[in-house]
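Below: the structure, in structure tokens.
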Amino acid sequence: MVRLYNLHPFGSQQVVPCKLEPERFCGGGRDALFVAAGCKVEAFAVSGQELCQQRCAFSTLGRVLRLAYSEAGDYLVAIEEKNKATFLRAYVNWRSKRTENSRVCIRMVGHNVEAPFSETFRDQMSILEMPLSETPLCISCCPVKGDLLVGCTNKLVLFSLKYQVINEEFSVLDFERSLIIHTDSITPVEISFCVGYVAVMSDLEVLILKLESDPKNGESVTHHPRKTNNPMKQAEGISDETLQLEPDDFVICQKPMELLGEKSEQSGVSVTLELTGLADEKIKYFHVQHLLYRRFAPDISSYVLSDDIKLHSLQLLPIYQTGSLTSDRKNSSQEKELLSLFCFFSLPHVGYLYMIVKSVELMSVYQYPERSQQAVLTPQFLHVITSNNLQCFTVRCSAAAAREEDPYVDTTLKACPPVSLDVCALRIQLFIGLKAICHFKNHVILLTKADPESIPERRESPKRLLSRKGTSVNLKAPPVAEAGWNLYIVNTISPVQLYKEMIDYSNTYKTAKTQSCIHLLSEAHLLLRAALMDTSQMEPGEKAELLEAFRESCGHLGDCYSRLDTQHSHLALPYYKMSGLSMAEVLARVDWTVENGSQKYERGLIFYINHSLYENLDEELSEELAAKVVQMFHVAEPKQLPHILCSPSMKNIDPLTAISYLRKLDTSGFSLILVTLTKAAMALKMGDLDMYRNEMKSHPEMKLVCGFILEPRLLIQQRKGQIVPTEFAVHLKETQPGLLVASVLGLQKNNKIGIEEADSFFKVLCGKDGDTIPQLLVDLWEAQLVACLPDVVLQELFFKLTSQYIWRLSKRQPPDTVPLRTSEDLINSCSHYGLISPWVNVLISSDSLADKNCMEELSKLQSLICGPSFDIASIVPFLEPLSEDTIAGLSVHVLCRTRLKEYEQCIDRLLERCPEAVIPYANHELKEENRTLWWKKLLPELCQRIKCGGEKYQLYLSSLKETLSIVAVELELRDFLNVLPEDGTAAFFLPYLLYCSRKKSLT
């Protein structure tokens, strides 16, 4: 459906001062207009609102049949006819043509230019002759690279733009015939070419191809044209011979067809590539991909004239990446990066717009109110001319390009009107006798001519018009110029000016609350989006004005979606975000008036406010606005009321107001515990501790933890990207630290808070900065080990705990609060904490000067080392601050060395520092394969130390006796004798020898 509005996209207009009736005309970049009449081309300067003035004029070889301009390379190309022969010529350096009689240089394409002529070429226009073996029918210039595509019967010839370097300061534009595309069964009437994409149109067919530079599937490209069969003709049983034998009583008309993507290869149109360029050419096209084939069939019931059923106005429209254009005119075309490409073509009463880059898709269909003659497509509009009207339609190119460019479109962050949005006619402007149209920059060029009395002409047989064989192009010379013509330049108004008019127009729909308001505002939004696709030539002030209008349009769309009850009401959120409006500014736009004694809030507004309050925006609503929000959710979404009261943005809400609304809630439909905790938070805010205690006592602690999991913001909030504990969390820290730690652990289990966020929360809560770790955070780490959280890296958690235990032991720093768990609790509840070896207790009890304040940390560290999961090697480098000079440090070092199986070093250290612990150590650690250390290490060491005497002589002696008792049991008599010292006293060792000798008989 095409909607019709009565807007004013066209502004001022002026008449081009042509001397002869224009036969062909086209835009010349951003500042020129070319008009061909007879054997002459005039170039007119077109700049802003200034009057159009002739810039230069030059003669052509004959009448101009086709005319095209390329901004890349700044050249003009024409198909000219003289004496029934056609020629293809390119006009280069035309800006140097100062007078009509100025000298010009004519050269053949591809011929090298000698260096002595460089100064001549610099200051005068050059004409490049492009000889072709067949008659050129139509032409198209690539807007990005400047390459030229020429359509001939059953073939397309590609001329690549290049520059001949004369010297370091000067180069000459030239072309090279690089490729011939042979097409079977389709004769081009119009063609369009853009960075490898080729569109070909006959009277009733459109074919779109993509030339690719990489060979696929080993496909080779011949250097000679290949003839291929036409499978579609064979399938339909039609051959050339059959067509020649058609009786005059029949009309052959093929059925309509639309083939997209790979299916378009079944069209029956054979395409073959023939490389003709030099071997060192940078870009070569080896493969052709079929993208679209569409065939139309006329309504033959009325035997209409051929002009009523022919296609016209084929055009490829590129959209580039935003901001990709450079300021250098010569190289800017090479710097453009293609974002999206669109193809338009039209029948007399309907036009078709396709998107053809990543996927081929029909975007829009335009139904004209009367028969069209020609159309031009721009990123903002489709301009269509009929015999007496200039029609301006909207297009969806910017909507499609926005989705290609920005992956966040169609999310909660950004939005854009859909590609499927109904198109509309902004204006149908009366123009008498319209004949032709072209467009460049913000100018629409129109040729009008008053028709003389129509003379009846003989109508041709429709049979010839409808068969494919009869499809041909006959380029006749235009008729002799007649009076009553004008060439107009119609300026389109600025996007911002038209946008403001559309906004004013949309106000008529606001009270009606219909979709028409959204539709017109979407059109205005897309108009601005299209203008923002190319801001490279804009002044900074103009661009700023455009951006401001764009943000304003987002706000208007947000208003519509928030107020109207539509299935897309959720779009209020991304549009309001894109508008840059604060939540307070959005609420100020809400109509708070009460109708019929009740207030109704639409889904879009509720969705926006709810989502915004969940996002932790750094915005605090005033007490008045906060009260309105509470009242809004009480009416529309009562279940969300506890949640929105916990938002940082609702900080200024009056607690009494909040509690009054909470008490009105029917809690049967959702969690009562969440309502209870929200009331407790408000009671704390009022300072009513009795009410707070009553609410907290109404549920057991585990249910309270579940309530905090449902709404983490009761404890933790974020402001300006920083973690901020709530007043509730501060109070729990002082009164119920266990509940606080359990709640944060529950949040981690349910992925409501990350590991780093939890660490930061407790540091901020306890007022610790830098590397200082509060005891509550250590309690959390220990709770994480007990709970075995799946997302926690176990060794990283071990490292955190051991580092903290070691730091406190080395600094003799007691915890800042009483730990929630003792080492015994952790051993009993967590498998990662192991039983402490008995010899450790002997070692620790030997130190009467041990710091009792750090004993708990020491026990936890020893237990962790004794656990089954701890990676000892990773912690050894961090034991340096813990000195072995203390018994506590010694116990940790010996434990670690024992886990690393360094038993001999451990025995040495214990014999030196605490001999009474050696035997308990050996009894516990020297087992199985390590049992031999009793007689290989411990026995010799004890004997040696006894010989030396000293203060610990008695300790060594008693240890030796226990060692001999163990060895006598383990060894045979002969082996036992071999391990005894040679210089020992026999009487001392005799009892153990006797026991060893009688051991066998006793057993």
Please give me the minimum heavy-atom distance between [X] and [Y], naming the atom from each residue.
| X | Y | answer |
| --- | --- | --- |
| Met201 | Ser313 | CE-N, 4.2 Å |
| Leu132 | Cys152 | CD1-SG, 4.4 Å |
| Glu370 | Asn389 | OE2-ND2, 2.5 Å |
| Ala78 | Tyr91 | CB-CE1, 4.3 Å |
| Pro188 | Leu137 | O-CD1, 3.8 Å |
| Ala72 | Val144 | CB-O, 3.8 Å |

Return yes if some donor-acceptor pair links the side-chain N/O of [X] with the main-chain N/O of [Y] below 3.5 Å, else return no.
| X | Y | value |
| --- | --- | --- |
| Glu80 | Leu88 | no |
| Thr276 | Arg177 | yes |
| Thr394 | Cys424 | yes |
| Gln14 | Cys52 | yes |
| Ser340 | Ile319 | no |
| His439 | Lys441 | yes |
| Thr492 | Asn442 | yes |
| Ser70 | Gly73 | no |
| Ser202 | Ile186 | no |
| Gln367 | Val350 | no |

Can we say [X] and [Y] salt-bridge, meaning some charged N sits less than 4.0 Å from an Asp/Glu carboxylate O?
| X | Y | value |
| --- | --- | --- |
| Asp147 | Lys162 | no |
| Lys155 | Glu134 | yes |
| Arg396 | Glu523 | yes |
| Glu23 | Arg63 | yes |
| Glu21 | Lys449 | yes |
| Arg55 | Asp31 | yes |
| Arg107 | Glu129 | no |

Task: From Ile79, Val157, Leu65, Thr153, residue fulfilling side chain to side chain contact (heavy atoms under 4.5 Å, CB included) relative to Pro136 - done: Ile79
Reported [atom1]-to-[atom2] distance for the pair [X] and [Y], which is rounded to 0.5 angstrom:
| X | Y | atom1 | atom2 | value |
| --- | --- | --- | --- | --- |
| Thr86 | Arg89 | OG1 | CZ | 12.5 Å |
| His383 | Leu426 | NE2 | CG | 9.5 Å |
| Ser192 | Leu314 | OG | CG | 5.5 Å |
| Gln429 | Asn388 | CD | CG | 12.5 Å |
| Ile493 | His8 | CD1 | NE2 | 9.0 Å |
| Ser160 | Lys145 | OG | NZ | 10.0 Å |

Establish, from distance only, whether the side-chain atoms of [X] and [Y] form a donor-acceptor pair under 3.5 Å.
| X | Y | value |
| --- | --- | --- |
| Asn486 | Thr448 | no |
| Ser346 | Tyr368 | yes |
| Arg294 | Tyr354 | yes |
| Gln124 | Asn93 | no |

- [ ] Carefully, step by step, assess Val41 and Val35 under the rule side chain to side chain contact (heavy atoms under 4.5 Å, CB included).
- [x] CA-CA 6 Å; Val41 174; Val35 181; over 6 Å; no
Student check: side-chain heavy atoms of [X] and [Y] closer than 4.5 Å:
| X | Y | answer |
| --- | --- | --- |
| Leu353 | Leu382 | no |
| Leu347 | Leu311 | yes |
| Ile489 | Val46 | yes |
| Leu546 | Pro495 | yes |
| Phe175 | Leu161 | yes |
| Phe381 | Leu527 | yes |
| Cys26 | Leu76 | yes |
| Cys438 | Phe25 | yes |

Open item on the list: I'd like to know whether NZ of Lys40 has more than 12 heavy-atom contacts from other residues, nucleotides or ligands below 6.0 angstrom.
Closed with: yes
- [ ] Go through Ile191 and Val150 one step at a time and tell me if the side chain to side chain contact (heavy atoms under 4.5 Å, CB included) criterion holds.
- [x] CA-CA 8 Å; Ile191 58 174; Val150 183; 5.6 Å; no
Task: Aromatic plane relationship, Tyr366 with Phe344 - under 30° parallel, 30 to 60° tilted, over 60° perpendicular - done: perpendicular
Centroid separation under 6.0 Å, is that true for the rings of [Y] and [X]?
| X | Y | value |
| --- | --- | --- |
| Phe296 | Tyr352 | yes |
| His443 | Tyr488 | no |
| Tyr69 | Tyr75 | no |

- [ ] Apply the test side chain to side chain donor-acceptor pair (under 3.5 Å) to residues Thr183 and Asn154: give CA-CA distance (whole Å), side-chain angles for both, the deciding distance (0.1 Å), then the verdict.
- [x] CA-CA 5 Å; Thr183 58; Asn154 293 333; 4.9 Å; no
Task: Leu377/Phe393 under side chain to side chain contact (heavy atoms under 4.5 Å, CB included): CA gap, chis, key distance, verdict - done: CA-CA 9 Å; Leu377 178 68; Phe393 295 89; over 6 Å; no
Task: Qualifying residue for ring-ring contact (aromatic ring centres under 6.0 Å, His included) with Phe34, from Trp94, Phe440, Phe44 - done: Trp94
Open item on the list: Using side chain to side chain contact (heavy atoms under 4.5 Å, CB included), reason through Val198 and Leu156 one step at a time and then give a plain yes or no.
Closed with: CA-CA 10 Å; Val198 177; Leu156 306 172; 3.7 Å; yes
